[in-house]
Amino acid sequence: TQAEVNLVGFNYSESQGFGKLEPIGEGGDFTDGDMGPNEVAINEALAEEMDVKAGHRVEVFYHENESLVFTVKAAVKDKGRAAFGTDMTDQGLNLFMALDRAQEILGEQGKINILKISNTGDPKDGMDLSDDVEGKLEVYGRSKDPVLILSAAKQNAYDSAIEGSD
């Protein structure tokens, strides 16, 4: 079975503010910072799509004709970081590994293509800070490198919830 997936590289020590990758079923002692260079985590949607679980080996194809085999350390619940991509693609099929390993494999050391920012405070306070953050990042959106696409994901979810409660 094959599926097109999002390869998500994380700097684990810097991404804890976005929540843990929580295992489903087996693998209850999993912590995403403990994955080895040949281990990955997959989200629940990918686990179901591919009928894969912790301990299985998966072959990942990249570039035009290169591939590597990884052991699945855990299948994780589709929430928090594991839900990455569901707002950008129809699938939200995610394979997670350490950021430096993903950069090494792709030959893109020191580069990233998405920067997520979570404001401090409760959800409402954090949303109130979004305009300030957007203003500070706006200068980068106007340059050619890096290109930033700003999205007020929490604000949009909050607004939808408020509209739905009317």
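Numbers here are sequence positions counted from 1. Both backbone and side-chain heavy atoms feed into the values below; hydrogens, waters and symmetry mates do not. The shown structure was predicted, so the numbers you read here are calculated from the model rather than taken from an experiment.
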Taking the side chain as every heavy atom from C-beta outward, state whether Ile105 and Met97 have any pair of such atoms under 4.5 Å apart.
yes

If every non-hydrogen atom of Asp78 is compared with every non-hydrogen atom of Ala45, which pair is closest and at what distance?
OD2-N, 3.0 Å

Backbone of Asn43 reached by a side-chain donor or acceptor of Asn94 within 3.5 Å:
no

Step by step, work out the side chain to side chain contact (heavy atoms under 4.5 Å, CB included) result for Val52 and Val58.
CA-CA 8 Å; Val52 173; Val58 294; 4.0 Å; yes

Determine whether Val76 and Glu22 make a side-chain contact, defined as any pair of heavy atoms from C-beta on separated by less than 4.5 Å.
no

For residues Val60 and Leu95, determine if any side-chain heavy atom of one lies less than 4.5 Å from a side-chain heavy atom of the other.
yes

Determine the minimum heavy-atom distance between Ala47 and Ala75, stating which atoms define it.
CB-CB, 3.9 Å

Looking at NZ of Lys73 and CD1 of Ile42, how far apart are the two atoms once the value is rounded to the nearest 0.5 Å?
14.5 Å

Rounded to the nearest 0.5 Å, what's the gap from NZ on Lys111 to CG on Leu106? Could you check?
11.0 Å

Same cluster for Phe61 and Leu46 if Ile/Leu/Val/Met/Phe/Trp/Tyr side chains link at under 4.5 Å?
no

Side chain to side chain contact (heavy atoms under 4.5 Å, CB included) between Phe70 and Arg101, worked out
CA-CA 12 Å; Phe70 295 92; Arg101 180 68 167 134; 4.3 Å; yes

Point-to-point distance, once rounded to the nearest 0.5 Å, from CZ of Arg57 to CD of Glu39:
11.0 Å

Are any non-hydrogen side-chain atoms of Glu4 and Leu93 less than 4.5 angstrom apart?
no

What's the spacing between Gln109 CD and Gln103 CD if we round to 0.5 Å?
7.0 Å

Of all the heavy-atom pairs spanning Ala74 and Ala54, show the shortest one and how long it is.
CA-CB, 4.1 Å

Below 4.5 Å, heavy atoms only, C-beta onward: do Leu21 and Phe96 meet side chain to side chain?
yes

